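Down below is the structure, laid out as structure tokens.
This is a predicted model, so every value here is computed, not measured. Values below: all heavy atoms of this structure, side chains included; hydrogens, waters and symmetry mates excluded. Every chain is numbered from 1, with letters handed out A, B, ... down the list of sequences.
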Amino acid sequence: MNKNSIEKIKRILFILIPTFGILFIVVLLYNRGFYFSESRNSIEIKITSNIIENKKEVFTKLFNDNEIKIAYSDFDKGELVLQHTAIEKVNELLQGSNEETIIEIREVILNNQNILFSYIFFLIIIFSIFSGLIFYRNIREIGYIKLKDLSKIYLPYAGSIILTQLIFLGSLSVFSRFILIKEISVLPGLFMLIITSILFFLSLDKLEKNNKVDYMVISAKFINLIKSFTIPLGVFSILVFIILIISFGVDSIVLLIPFILSILIFLLITRWINKIFYLNFRLHNLKIKFRHTKIIAEKNSVKEYDLVSKKRNIKTKHKNNKSKPRKKR
Amino acid sequence: MKKILKNIVSNFSFNRILIFGFIFIVGIISLPQITLNFSGQLITLPSLESITNQVIPNFRKGRDLYPTSEIKMNINFNEANLTDEQKRDNLIKSLNAIKDRIRLSNLNEIKVRSEILNSNYSIILSFPDFYADKNIIATFLAKKGEIKFVNSVDGSDVFLYDTQVNPNIQIVYLPQIKSHLRLTFGSDRFTAIANGLGEKKFFFMQIDGSYDYQMFQYDNSDLTSFAIRGVPSSQYIQNNTVLRDQILAITRSYFNQQPLGYTLDVEEEIKEVVPLHASTQSSAIIAISIFIFGVLVCIYSILKYRLRKGIGVVLMILSYALLSTALLKLTYSSISVYFIFSWLLLFIFISSLVWYLVTDLIDKRIFNRRINKINYVGLGLILVSIISLNFALAIQGFREVIQVFLIGGISLIVLSLTIFKLIYKEFFEENE
């Protein structure tokens with residue numbers, strides 16, 4: 001196998017493994033939604049006893065049983081929230097408890113639609129509308145465009161959206177095995193979806209009639225726009241953190257994880273996908289750099305400039321760039 | 001001195017008057033009444049309410065940051081011989097029916113859940129703070145929905161049935177009778193309607209045996225279309241516009257469902273649920289944080305683009321912030337964590353868009369091109385919001401997010417077609 005083929009395989013695996021690995025193993029094998037989620041039916045147990053030993057005894061009984069799925073517990077308050085557990089099992093387990101311990105078992109039935117399905121539905125609406133706008137703008141600006149060229153423009157957008165959302169939802173599903181996912185946890189994914197769509201739309205440029213559309217220029221612009229949005233997103237995260245602490249207290253640390261995760265996924269994956277697939281960057285060039293850089297796509301080559309030191313860091317060549325003929329001596 | 005004044009006046013063009021006038025007006029609409037304490041002396045800054053002496057639409061207190069109220073409704077199985085499993089199934093059916101009623105009545109801010117505790121099967125409604133008359137709304141939501149039309153003279157059956165009502169039940173407003181229901185029947189019901197109206201020209205619609213509505217015909221169109229109109233019998237509901245509309249909407253939902261299997265007894269006690277962490281100061285602290293951030297954005301813009309252009313950028317960002325806040329205030333948006341996050345994200349994003357608009361701005365052609373793109377962005381946000389609003393989304397907080405995006409999209413388009421162009425002319429266009 002030559003070097004180029006190995007490089008191609010590496011790229012594909014680099015993207016596919018984390019995406020589908022997380023998605024398939026976690027989401028589809030375990031559950032078709034978030035494992036522990038506040039929108040699911042639950043059993044709330046409240047242990048009212050002044051004697052700590054009695055509380056401990058109940059907690060231990062429940063924690064030790066494999067059929068009991070504990071979504072949330074607070075030992076000090078004597079509160080437990082169970083999901084995917086039959087009420088009969090809970091009653092059976094707590095039957096022989098100490099008489100001084102008053103245990104309140106409340107079955108809460110919400111009968112809500114799965115958050116994940118609602119979110120995916122919403123995702124499809126946004127994706128479809130912005131795709132429609134992209135097509136409309138392309139056709140309006142150029143008048144006529146080949147399907148091949150249109151797909152080359154559209155694929156960075158579609159690829160970015162699908163992969164970032166899959167990784168975000170898959171990762172959230174991993175977390176849902178350990179923490180209770182609230183409705184607000186899916187909100188960052190929605191925000192990133194809308195921002196990605198808008199930024200991609202803004203990068204559609206140089207679409208002039210009778211000119212060949214250069215998707216590398218569009219990809220370069222897209223990446224530059226995402227980079228320019230890094231600092232505002234960072235500031236947004238800080239403000240979100242402040243607001244979450246005020247609204248939800250220390251528990252908000254758990255809610256902050258999806259926010260940070262979605263921002264990281266958006267910033268890194270969108271750029272890496274475009275760099276690998278459309279700008280022919282090598283894997284070793286995909287480092288997380290904290291330098292202020294800009295990508296410029298020119299004719300058949302792509303250059304990344306460090307705007308601080310004004311040096312050119314990377315140069316790639318377009319696949320179809322024919323080598324110059326040798327000079328005859 | 002005269003020369004300086006003359007310069008200022010001549011420089012203050014009509015465009016600038018428009019720009020600052022616009023910002024002043026939306027600022028007055030959007031800002032709340034602020035009272036400052038200067039060593040014991042209270043100074044109240046003018047707000048629209050104090051200037052016009054009218055009740056102006058305002059933000060409503062949503063969830064997460066403000067207390068909510070809960071009303072419990074217990075299912076009365078009437079000592080029926082049912083197993084626990086059957087009781088549980090009935091509970092779920094009632095829960096789904098009430099959820100449908102809430103959705104059909106557009107009272108989507110009300111959350112519902114059911115509980116089984118110590119063999120008590122109950123449904124709990126959670127109201128945000130801005131709902132008035134929660135008990136009355138809960139009572140109507142809890143009704144079985146058994147509808148009967150009875151004579152106003154002797155209470156005898158009028159021989160009209162809810163299953164005979166045509167599907168398109170309207171809630172209509174007329175100045176003389178205010179908002180009311182309009183039901184239409186088939187032509188074969190003409191005699192029953194005429195007999196029911198009788199000499200008194202009205203009859204009653206009972207819901208679960210209670211004389212809740214007075215039914216009558218108003219004009220000739222009712223005669224020809226076999227329609228009857230209904231107003232609530234209760235004076236209290238009649239006189240309260242908002243409650244009246246809510247009750248009419250709930251009543252209309254009864255016709256889309258089967259009656260509930262068992263009665264729901266509504267408890268009189270309204271339990272207040274205070275958010276665990278948020279305090280009364282929370283919204284003020286959040287507002288101050290956002291304000292400080294806004295000031296930092298303005299300072300950064302002036303430093304980056306220098307004085308003249310920097311002021312132009314600040315005016316663009318400020319006009320968006322104030323216009324979107326004013327529109328959200330006028331549409332009774334409810335303040336919750338979802339609302340704040342969405343508004344904040346859009347604000348940051350629009351600020352970045354403004355920077356994109358003015359960076360490396362060589363000539364008007366590029367400005368127009370970029371403004372055109374921004375219009376598309378606004379259009380995209382509006383389309384997403386309108387289409388999403390039509391679908392009942394299970395994630396409740398998303399409705400507030402959609403509302404913010406819709407207003408954000410509208411603000412963006414309005415500004416990009418008007419104020420942004422004026423600001424460009426005044427602060428960015430090089431005078432030839």
Side-chain angles (χ1 to χ4, degrees), chain A residues 39 41 44 87 104-115 117-119 121-122 125-126 128-130 132-134 136-137 183-184 186-188 190-191 194-195 197-199 201-202 204-205 225 228-229 231-233 235-236 238-240 242-252 259, chain B residues 64-65 88 91-92 95-96 99 112-118 275-279 281-283 285-286 289-290 293 296-297 336-338 340-342 344-345 348-349 351-353 355-356 359 369-370 373-374 376-377 379-381 383-384 387-388 391-398 401-402 405:
Chain A
S39 70
N41 298 344
E44 291 174 7
I87 187 95
E104 190 184 87
I105 304 171
R106 186 193 305 261
E107 195 181 346
V108 179
I109 302 167
L110 299 170
N111 229 35
N112 278 338
Q113 202 176 40
N114 196 312
I115 294 180
F117 292 149
S118 296
Y119 178 80
F121 183 73
F122 200 57
I125 293 176
I126 297 174
S128 310
I129 287 169
F130 274 97
L133 278 175
I134 289 166
Y136 174 72
R137 185 145 191 278
E183 273 183 4
I184 202 169
V186 296
L187 196 61
L190 175 69
F191 286 162
I194 290 185
I195 302 247
S197 303
I198 294 174
L199 286 181
F201 186 80
L202 290 174
L204 292 176
D205 220 346
L225 274 172
S228 66
F229 203 63
I231 293 174
L233 268 183
V235 173
F236 175 63
I238 294 168
L239 281 166
V240 159
I242 295 169
I243 294 167
L244 280 176
I245 291 279
I246 293 168
S247 314
F248 299 109
V250 181
D251 292 341
S252 61
F259 268 97
Chain B
D64 306 318
L65 294 171
R88 198 172 181 280
L91 178 69
I92 293 171
L95 173 69
N96 290 335
K99 278 188 175 185
V112 203
R113 69 178 191 274
S114 60
E115 283 183 0
I116 305 171
L117 177 66
N118 300 332
L276 216 55
H277 301 285
S279 66
Q281 308 298 323
S282 297
S283 49
I285 296 170
I286 291 170
S289 313
I290 294 172
F293 168 69
L296 291 172
V297 164
S336 67
V337 173
Y338 287 90
I340 291 171
F341 283 161
S342 318
L344 198 58
L345 180 80
I348 290 171
F349 188 71
S351 305
S352 305
L353 266 188
W355 293 330
Y356 156 81
T359 303
R369 206 180 162 78
R370 289 178 184 174
K373 277 195 204 174
I374 287 175
Y376 275 104
V377 168
L379 180 67
L381 287 172
L383 282 173
V384 163
I387 292 174
S388 306
F391 293 96
L393 293 171
I395 306 173
Q396 212 153 16
F398 274 20
V401 172
I402 292 164
F405 284 161

Exercise for review: Evaluate the criterion ring-ring contact (aromatic ring centres under 6.0 Å, His included) for residue pair Phe191(A) and Phe341(B); output intermediate values, then yes/no.
Suggested key: CA-CA 10 Å; Phe191(A) 286 162; Phe341(B) 283 161; 7.3 Å; no
Study note, to complete from the structure: Output for pair (Leu381(B) CG, Ser197(A) OG), nearest 0.5 Å, gives 10.0 Å
Point to revise | Which atoms of Leu344(B) approach chain A - backbone, side chain, both or neither, heavy atom under 4.5 Å | key: both
Exercise for review: Pick one of side chain, backbone, both or neither for Leu190(A), based on which atoms fall under 4.5 Å of a heavy atom in chain B.
Suggested key: side chain
Practice item. Would you name the heavy atoms of Gly380(B) and Ile129(A) that are closest together and state the gap between them? Key: O-CG2, 4.1 Å
Practice item. Locate the shortest heavy-atom distance separating Glu104(A) from Leu117(B); write the atom from each residue and the value. Key: CG-CD1, 3.5 Å
Revision key, fill the gap. Applying a strict 4.5 Å limit to non-hydrogen atoms, the region of Phe349(B) in contact with chain A is both
Check your understanding: Side chain, backbone, both or neither: which part of Arg370(B) has a non-hydrogen atom closer than 4.5 Å to chain A?
Key -> neither
Check your understanding: Considering only heavy atoms, which portion of Leu225(A) lies under 4.5 Å from any heavy atom of chain B: side chain, backbone, both, or neither?
Key -> side chain
Practice item. Using non-hydrogen atoms and a 4.5 Å limit, figure out which bit of Ser114(B) sits close to chain A: side chain, backbone, both or neither. Key: both
Review point. Side chain, backbone, both or neither: which part of Leu296(B) has an atom under 4.5 Å from a heavy atom of chain A?
Key: neither
**Study point:** For Asn111(A) against Lys99(B), the heavy-atom pair lying closest together
**Key:** O-NZ, 3.2 Å
Exercise for review: Give the C-alpha distance, both sets of side-chain angles, the deciding distance and a yes or no for side chain to side chain contact (heavy atoms under 4.5 Å, CB included) between Leu353(B) and Leu202(A).
Suggested key: CA-CA 9 Å; Leu353(B) 266 188; Leu202(A) 290 174; 3.2 Å; yes
**Study point:** Nearest atoms (heavy-atom pairs only) where Ile184(A) meets Tyr338(B)
**Key:** N-OH, 3.2 Å
Review point. For Val297(B), is it the side chain, the backbone, both or neither that has a heavy atom under 4.5 Å from a heavy atom of chain A?
Key: neither
**Study point:** Part of Ile126(A) lying under 4.5 Å from any heavy atom of chain B
**Key:** both
Review point. Heavy-atom distance under 4.5 Å to chain B: side chain of Leu133(A), backbone, both or neither?
Key: side chain
Exercise for review: Would you check, one step at a time, whether the test side chain to side chain contact (heavy atoms under 4.5 Å, CB included) holds for Leu383(B) with Phe130(A)?
Suggested key: CA-CA 9 Å; Leu383(B) 282 173; Phe130(A) 274 97; over 6 Å; no
Exercise for review: Measure Ser351(B) against the heavy atoms of chain A and call it side chain, backbone, both or neither at under 4.5 Å.
Suggested key: neither
**Study point:** Best-contacting candidate, Ile198(A), Ile238(A), Ile105(A), Leu199(A), against chain B by heavy atom pairs under 4.5 angstrom
**Key:** Ile198(A)
Revision key, fill the gap. ring-ring contact (aromatic ring centres under 6.0 Å, His included) filter on Phe236(A), not counting sequence neighbours, yields none
Practice item. State, with a plain yes or no, whether a side-chain heavy atom of Ile402(B) is found less than 4.5 Å away from one of Phe122(A). Key: yes
Practice item. Determine the minimum heavy-atom distance between Leu239(A) and Ser289(B), stating which atoms define it. Key: CD2-O, 4.2 Å
Practice item. Sort Ile109(A) into side chain, backbone, both or neither according to what part of it lies under 4.5 angstrom from a heavy atom of chain B. Key: both
Exercise for review: With a 4.5 Å cut-off on heavy-atom pairs, point out which of Ile286(B), Val377(B), Leu345(B) contacts chain A the most.
Suggested key: Leu345(B)
Practice item. Drop me the distance from Glu44(A)'s CD to Glu115(B)'s CD, to the nearest 0.5 angstrom. Key: 6.5 Å
Exercise for review: Identify, with sequence neighbours excluded, every residue that meets ring-ring contact (aromatic ring centres under 6.0 Å, His included) alongside Tyr119(A).
Suggested key: none
Exercise for review: Find the distance between CD1 (Ile194(A)) and OG (Ser342(B)) and round it off to the nearest 0.5 Å.
Suggested key: 9.0 Å
Review point. What are the two closest heavy atoms between Ile348(B) and Pro232(A), and how far apart are they?
Key: CG2-CB, 3.5 Å
